Number of protein chains: 2
Amino acid sequence: MSIKGNSRSLFLLVMDKIKSDIESGKLRPGERLPSEAELSKQLGVSRATLREALRLLEEEKIVIRRHGVGTFINSKPVFSGGIGELFSVTDAIERQGYTAGTMILKTSFEESAEEERKRLSMKPGEGVLMIERIRTADGLPVVYCIDRIPAHLAPEGYSAGGESIFTWLESTTGIRITYAVAEIKPMGYNEKVSNLLHCDRSTPLLLLEQIHYDENERPILYSHNYFRADKIHFHVVRRRM
Amino acid sequence: MSIKGNSRSLFLLVMDKIKSDIESGKLRPGERLPSEAELSKQLGVSRATLREALRLLEEEKIVIRRHGVGTFINSKPVFSGGIGELFSVTDAIERQGYTAGTMILKTSFEESAEEERKRLSMKPGEGVLMIERIRTADGLPVVYCIDRIPAHLAPEGYSAGGESIFTWLESTTGIRITYAVAEIKPMGYNEKVSNLLHCDRSTPLLLLEQIHYDENERPILYSHNYFRADKIHFHVVRRRM
DNA sequence: AACAGGTAAGACGTCAGACCTCTATTTCCT
DNA sequence: AGGAAATAGAGGTCTGACGTCTTACCTGTT
């Protein structure tokens, strides 16, 4: 069997193949992979190439290798990468077992402020599309979101109700957001936000201030997410470098 | 020249060597590395081993490889990985431009509580070493730390003043902490903690509740870090998976 | 002189096969 | 039965070769 079908590097194809075999259930957690010699023959690649793929899979904790013993599919899909994984707010809510909903408060084109131009690398005079929404979990408001996008990237305006901004951007402009840098800022009571989220002085809030970038490192989306900390919390996987 | 001095895997030593050459300035951003054939000869390892190291360095964006061209030191160290990088509290304080200090409040061996046994995978009856400290920035208290370690991993007790728990653990027990999972919990005013950190009701606090693991995925250290959110803040790099 | 195309050098990508080292098991001796 | 030694088989490393891609240079034409 060979998996060659060149477009990406071979070792990447090998990684994809193994990953998809795990997801499809052909390989199950804890199971031992065939030996490197055997597996490389099965995949139709050299052992060196297979080893580059396995080394990366090991780095990602998808696989565990033990000298003299074998290579195993990691049983615990580790921790969900937590907040280190970039997902939409909708996903975040659903992962914690609630049903997600959205209320759009306002969408408008506006002049860009200094702060926005700085974060989004915009020139004076360019406008921004601003979207204010409240996300709900089981009907209760838990997140207040303000998203800003340079106007020239958002020609048609944002209308769809529940649709994720990520998917909307990708389908209308082809821009794919690949990563974000988030600042984590705890906040005390804030009149406007606390009211919107129906919580009182004793409920701590968490602000996630994020800049999202596409594959070319262009800043695309600047967002403020205010969370009710009693309903939503985050974890981070921290790795030693 | 050879870098062998076996303890860790060869490819890891190669990675360390290249990283340290970057940090020491022997290799500068944008510079091209010698060819793989040349470099492997210089380091005294095979090209296959060198390539495993380079592949991982590429994954970490430390190095950029271009087919047919060469391997280059990445010029933009991207963003500091932020809180996604595991570093000591001391480092975190110094990165923000303050001078770090430590005050030990208490160290004691205690019975393990249910919660601690759960987090650290301990059996009933095992004790824990508990360390309470306050970390200061320019003399001001900014972090209150409670660290717990299974007693059998901490035979001699923790005495050294400024020493990092990480380095102390590694030098006395050989245990090397490689990653941690942190929960981020904003907190309002808390009488004990707020007093220790000399702040009032209006200062939000951030609790970083972490479990540290070694290379074998054994939980080693369970720590609570309470931060003054006005003095210290975090960012996370979030990647799409 | 300017341009286009061909060619060759050198880089990373992949391959094949060998040997080393470590682990777990089996075998054998006491 | 128990422990020591041999063994099989896994990952770890090495060597040398060839493939593919970039780049730079050389050359011939306009």
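On a predicted model such as this, the values are computed, not experimentally measured, just so you know. What's counted below: heavy atoms across the whole structure, side chains too, no hydrogens, waters or symmetry copies. A, B, ... follow the sequence lines: proteins, then strands. Residue 1 opens every chain.
Between the side chain of B:His67 and the base of D:dT20, a donor-acceptor pair under 3.5 Å is found.
Per the geometry, CD belonging to A:Glu58 stands 12 Å off C1' belonging to D:dG12, to the nearest Å. Between the P atom of C:dC15 and the NZ atom of A:Lys41 lies a distance of 15 Å, rounded to the nearest Å. In this structure, B:Met15 places its CE atom 13 Å from P of D:dT13, rounding to the nearest Å. For the pair A:Leu12 CG and C:dC12 P, the interatomic distance rounds to 17 Å; values are reported in whole Å. If you take CZ of B:Arg55 and C1' of D:dG12, they are 18 Å apart, rounded to a whole angstrom. The CZ-P distance, from A:Phe11 to C:dG13, rounds to 7 Å in whole Å. Taking atom CG of A:Leu10 as the reference point, atom C1' of C:dT14 lies 7 Å away to the nearest angstrom. Summarising the geometry, the separation between CG on A:Leu50 and C1' on D:dG12 is reported as 13 Å, rounded to the nearest angstrom.
Phosphate proximity of D:dG11 to A:Thr71: present, with a side-chain N or O under 4.0 Å from OP1 or OP2. The side chain of B:Ser46 contributes no N or O atom lying less than 4.0 Å from OP1 or OP2 of D:dT13. Listed pair A:Thr49 / C:dC15 meets the phosphate criterion, a side-chain N or O lying under 4.0 Å from OP1 or OP2.
Contact annotation: the side chain of A:Leu56 approaches that of A:Phe11 to within less than 4.5 Å [non-hydrogen atoms, C-beta and beyond]. B:Met122 has its side chain out of reach of B:Arg148: every pair of non-hydrogen atoms, C-beta onward, lies at least 4.5 Å apart.
Candidate nucleotides D:dG11, C:dC15, D:dT23 were compared by shortest atom distance to the side chain of A:Arg51, and D:dG11 ranks first.
A pairwise comparison of heavy atoms in A:Leu50 and A:Ser40 identifies CD2-N, 3.6 Å as the closest pair. Taking every heavy atom of both residues into account, A:Asp147 and A:Ser223 meet most closely at OD1-CB, 2.9 Å.
Across all strands shown, A:Arg47 has heavy atoms under 4.0 Å from base atoms, whether or not it also approaches the sugar-phosphate.
B:Thr102 and B:Arg133 form no side-chain donor-acceptor contact under 3.5 Å, judged by distance and modelled atom types alone.
If you find the closest nucleotide of DNA chain D to A:Arg66 and to A:Ala48, the one lying nearer the 5' end belongs to A:Arg66.
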